[in-house]
Amino acid sequence: MLWSDPPDEPPEELRDAQIKLRRLGIVLAVTAVLLMVLLVW
């Protein structure tokens, strides 16, 4: 790796998008579980 190479870190927007997608996935998973519980009950 040369000192002139760009860093391996993804750009700020991409990291923000990944965090938002991860949060959305968690929210959807929790919502799906709650729906299943409500439907079974």
Legend entry - Co-members of the apolar cluster containing Leu28 [side chain, <4.5 Å]: Leu24
Inset, instruction - Applying side-chain contact (heavy atoms from CB on, under 4.5 Å) between Val30 and each of Leu34, Val33, Val27, report the one that passes. - result: Leu34
Legend entry - Results of side chain to side chain donor-acceptor pair (under 3.5 Å) for Glu12 - residues two or more places apart only: Arg15
Inset, instruction - Only pairs at least two apart or in different chains count here, so list each salt bridge (charged side-chain N to carboxylate O under 4.0 Å, His left out) that has a residue in residues 19-33. - result: none
Inset, instruction - Would you please name every residue forming a side-chain contact (heavy atoms from CB on, under 4.5 Å) with Leu14, sequence neighbours left out? - result: Pro10, Pro11, Gln18
